[in-house]
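Below is one structure, written out as structure tokens, with a few remarks after it.
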Amino acid sequence: MPVARPERQEPRVIAHVDMDCFYVQVEQRKNPDLRGVPTAVVQYNSWKGGGLIAVGYEARKFGVKRSMRGDEAKRVCPDLQLVQVPVARGKADLNLYRSAGSEVVAILSKKGKCERASIDEVYLDLTDTAKSMLLEAPPEGLDSIPEEALKSHVLGLGSDANKEEDVRKWLCRPDADYEEKLLACGAIIVAELRIRVLHETQFTCSAGIAHNKMLAKLASPMHKPAQQTVVPASSVPDLLASLPVKKMKQLGGKLGSSLQDDLGVNTVGDLLKFSEQKLQDYYGINTGTWLWKIARGISGDEVEDRLLPKSHGCGKTFPGPMTLKTTSSVKHWLNQLCEELSDRIQSDLDQNKRIAQTLTLHARAFKENDLEPQKKFPSKSCALRYGASKIQEDAMRLFESGLSEFLNSKNVGWGITSLAVGASKIIDIPNGTTSILKYFNEKCISSNSSDCSDALLEEPNHTVTSISKRDDENPKSRAPTESAFHTKGLSDKNANVKGTILRYFSGSSCSSSNQSSANKIDLEEHERTVIASELNSNPNPNNNWGFNIEEIDPSVVDELPLEIQREIRGWIHPSKRINTGKRGSTIAHYFSPARN
DNA sequence: ACGGGTTACACA
DNA sequence: TTGTGTAAC
């Protein structure tokens, strides 16, 4: 349920930018033959022609709609071009659209605070940019207003005869309020941004410009495609008065239905009749206040400064005859999903230096003779370890745990109709994070100076520093280099040392739950993950690096520098390792920074 | 046999 | 906190 946020007192300029039938545009850019012709994007062609997920504007004229089947759409529009979503590992692969969305974000984020709201939508907070413009180049002093800005639709600006001239007058009105002048600047800035997006990506978009996110979002689809709509504060009461509640974001589902059915509220204007107290009585304190405010066009939600998604997920449904009925088929599909997830979080790490900390598994299931069909398959999560095979292994364990809970030790047939895995709790790697590998290569690998996965290939450049940050300034705590091992006659064992250390540090073992946190080695979770990622970038480290990662020889620990030895011994030793079977009983789990 | 596949968020 | 439900595109 929605919640009201505290509002700023100063007026803001907020834009919501929405790509027009985005997937279709992406496909039309890829194949220009599709330009100007009725086009739709479908996934999975084999059953009834696939499901439509995006419909171009030419096709909409024929009555083609989302959530039609391909066959159906072809009936109403025989010339319709149906493009299939790429398939990888047996499932829809949306990466083409994700990266196209990133192109757009990269452009839009240059003009102000930018929040990626979805694969094809962003919010912009243009307040500061608009303020500067008003000071340095106010519209009323401008010789020419950009053509695209003149094409704006300004709510409450009656006529449509001399539209562009009226809009120009509105944008340049010398007697307007400060907040309306800011909004006019916002409209010009957004027009320029949209033109820039078109030039640099070939994509058109529509936008709403208003004083808050809710109104901007409401306005962006009002004139599509490739147009923008401005919402002056003065237009808001009339706008909302006749607006069906279901049109408001957050009221499109059950809450909106409840307003209609339980309170007889059909338009946002109808909401004005209810006191805040009354709405709170019905919907609780938070949602009640939220409703009271949105009825008046008030929304304090801030535009967050975030260009990247907060989580990654991938899933697939297995309807009807495709239902998964064996653990082996589940394992197969989980493996596919986990491979994709692994690729995506690895790219995120490589490109954005971000690490996902939690792995989650979702499924939908039924029992054959279900007396309680409402029982759902429980979601399960655990600490996320990098590397496709580790993710696969963990996801399968989560599934089995969920399945036994779901079946409740009853011996009945079951079926899985959907599977999904997700990676969440994504954090930035702090600047200066270094890899344990520096101990052996004298190559200081730092997240702010190079790609984590490529770091090994770099020339030596920095001096070796200590493993623990608190000793960074202390020359005596520097670790020995590879040559130091050589001089001690350790070269033949070095391989195993590496394997041992890396294995532990990458968090790929299990620990007992009573492992004391006093023994925690001074390595942050994300540092361990970087290392794990480095290991995983070498599928067969034995060939590439000259050591066997699977071989653990406790005796080599004797030969390590004392401080390392102490930490490793105090941390965990193979002989001490106990697999409790408890979910999430990994080293990563118990030593993650969050649970000190 | 389902709009599918993703995201984000509030609540308990 | 983990897990659940709602909502959006």
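Below, read A as the first sequence line, B as the second, and so on, with proteins coming before strands; counting in each chain starts at 1.
Listed candidates were B:dT6, B:dG5, B:dC11. Nearest to the side chain of A:Arg344 is B:dT6. Here the side chain of A:Pro309 is nearest to one of B:dT7, B:dC9, B:dG5, namely B:dT7. Side-chain proximity of A:Lys310 to the nucleotides C:dA7, B:dT6, B:dA8 is greatest for B:dA8. Here the nucleotide nearest the side chain of A:Glu340, chosen from C:dG3, C:dA7, B:dT6, is B:dT6. Nearest nucleotide to the side chain of A:Glu121, out of B:dT6, C:dG5, C:dC9: C:dC9.
Using modelled atom types, one finds no donor on one side chain facing an acceptor on the other under 3.5 Å when comparing A:Gln81 with A:Thr39.
Remark on DNA chain C: of its neighbouring residues A:Thr358 and A:Lys246, the 5'-side contact belongs to A:Thr358, judged by nearest-heavy-atom nucleotide. Of the two residues near DNA chain B, A:Pro2 and A:Ile53, the one whose nearest nucleotide lies more 5' is A:Ile53. Residues A:Asp120 and A:Met1 both approach DNA chain C. Their nearest nucleotides, taken by heavy-atom distance, put A:Met1 toward the 5′ side.
Using a 4.0 Å cut-off, no side-chain N or O of A:Ser118 falls inside it from OP1 or OP2 of C:dA8.
Of the residues in residues 315-327 of chain A, A:Gly315, A:Lys316, A:Thr317, A:Pro319, A:Gly320, A:Pro321 come within less than 4.0 Å of DNA chain B through at least one heavy atom, sorted by number.
Minimum interatomic distance between A:Leu263 and A:Tyr283 (heavy atoms only, all atoms of both residues): CD1-CE1, 3.8 Å. A:Lys246 and A:Ser257 get closest at one heavy-atom pair: NZ-OG, 2.6 Å.
More than 12 non-hydrogen atoms from other residues, nucleotides or ligands lie less than 6.0 angstrom from CZ of A:Arg35.
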